[in-house]
Amino acid sequence: ILYECIYPPSDMIEDGGWLARLTPEPVEEAEKRTLQSIGSKKLGVDVAEGTNQNAFVIRTDNSSLVKETTIEKDLMKTAERIIGMASEERIAPQNIWIDAVAIGSGVYARVKQMGLEVNAFKGGESPTEKKTAEKLLDPIEYYNMRAEVYWKARMWVLQGGALAPHKDWQQLSKIKYRVTSDKKIQIMSKEEMRAQGDLQASESTDVPDAWSMTFAPSKIQYIQPQASAPLKPYYPEIDGMGGATPPQQSEARFDEDFK
């Protein structure tokens with residue numbers, strides 16, 4: 001099954017070894033699924049350039065939602081919207097990814113400046129390094145982080161993930177991949193997509209890009225706050241009395257004061 005997923009029939013492969021990462025059929029099937037969301041929410045944000053749109057996509061363990069798309073050129077307002085959405089949707093900072101390449105780097109920096117420590121996503125970075133044991137369970141290798149998250153997103157859909165209906169999910173069928181000579185999954189760049197006519201000059205894959213980020217590993221370490229030990233009553237009027245136990249009446253009065 002794994003072999004068939006990576007190496008489909010030759011008639012599906014285009015020049016250069018490229019083929020569609022997800023054909024329209026599985027995407028349409030995913031949009032028909034209705035599931036009760038489980039797991040914590042994750043937010044991916046693709047920041048727009050030119051005439052394209054900002055995309056905000058929320059995903060749980062089994063469902064995904066295009067929360068909103070906006071055409072907002074003010075980077076500060078986009079940063080504020082991310083913080084507002086995180087609060088509204090109760091999304092933890094370690095579960096937020098912002099495209100931090102080019103224009104998106106300014107939004108990421110502003111969000112951090114405003115006190116929210118989130119993940120900076122850079123698709124050109126190296127993929128997650130696997131240990132020997134992990135390679136035995138998951139032998140697939142990736143060209144870069146963009147390839148890793150897109151492939152994981154693809155498998156998520158094929159394994160039953162639900163997509164809340166939205167017109168921009170159709171952009172998924174434009175994403176193409178190939179297996180390189182060193183057996184790594186590679187995703188076609190937007191520049192090559194435009195060169196081949198798969199994307200118009202004014203088009204982008206905003207929603208798929210934002211969605212795929214939610215499959216990236218989080219680099220933010222979250223430390224669960226530890227509850228402090230309850231304070232013990234202190235009675236200065238008997239301090240120095242050799243550790244004498246305060247009268248029961250005084251203890252009751254102390255407790256009453258803090259109810």
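Along the sequence shown, residues carry numbers from 1.
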Practice problem: Decide yes or no for Met114 and Glu80: does some side-chain heavy atom of the first lie under 4.5 Å from some side-chain heavy atom of the second? | Solution: yes
Self-check item: Test item: Trp156 and Phe215 side chains (from C-beta on) under 4.5 Å apart, heavy atoms
Solution: yes
Quiz item: Cation-pi between Arg178 and Tyr143: NZ/CZ under 6.0 Å from ring centre and within 45° of the ring axis?
Solution: no
Exercise. Ignoring hydrogens and angles, state whether a donor on the side chain of Tyr108 or Asn119 is under 3.5 Å from an acceptor on the partner side chain.
Key: no
Practice problem: For the pair Arg33 and Glu29, find out whether any cationic side-chain nitrogen is under 4.0 Å from an anionic carboxylate oxygen. | Solution: no
Quiz item: Can you check whether Phe56 reaches Ile82 side chain to side chain, under 4.5 Å on heavy atoms?
Solution: yes
Quiz prompt | Qualifying residue, where the test is side-chain hydrogen bond (donor to acceptor under 3.5 Å, both in side chains) with Thr128 and the options are Glu148, Lys152, Glu134 | solution = Glu148
Quiz item: Should we say atom CD of Gln200 is surrounded by more than 12 heavy atoms from elsewhere, each under 6.0 Å from it?
Solution: no
Quiz prompt | Residues, nucleotides or ligands: over 12 heavy atoms within 6.0 Å of Lys112 NZ | solution = no
Self-check item: Option among Glu72, Glu88, Glu89 that satisfies the salt bridge (Lys or Arg N to Asp or Glu O under 4.0 Å) test with Arg81
Solution: Glu88
Self-check item: Side chains of Asp99 and Asp209 in contact at under 4.5 Å (non-hydrogen atoms)
Solution: no
Quiz prompt | Matching residue for Gln53 among Thr70, Asp168, Asp46 - test: side-chain hydrogen bond (donor to acceptor under 3.5 Å, both in side chains) | solution = Asp168
Quiz prompt | Under 3.5 Å: donor-acceptor pair, side chain of Trp169, backbone of Ala164 | solution = yes
Quiz item: Going by heavy atoms in the side chains, are Tyr142 and Lys130 under 4.5 Å from each other?
Solution: yes
Self-check item: Any side-chain heavy-atom pair of Met145 and Pro217 under 4.5 Å
Solution: yes
Quiz item: Tell me, do Arg90 and Ser40 make a side-chain contact under 4.5 Å, heavy atoms counted?
Solution: no
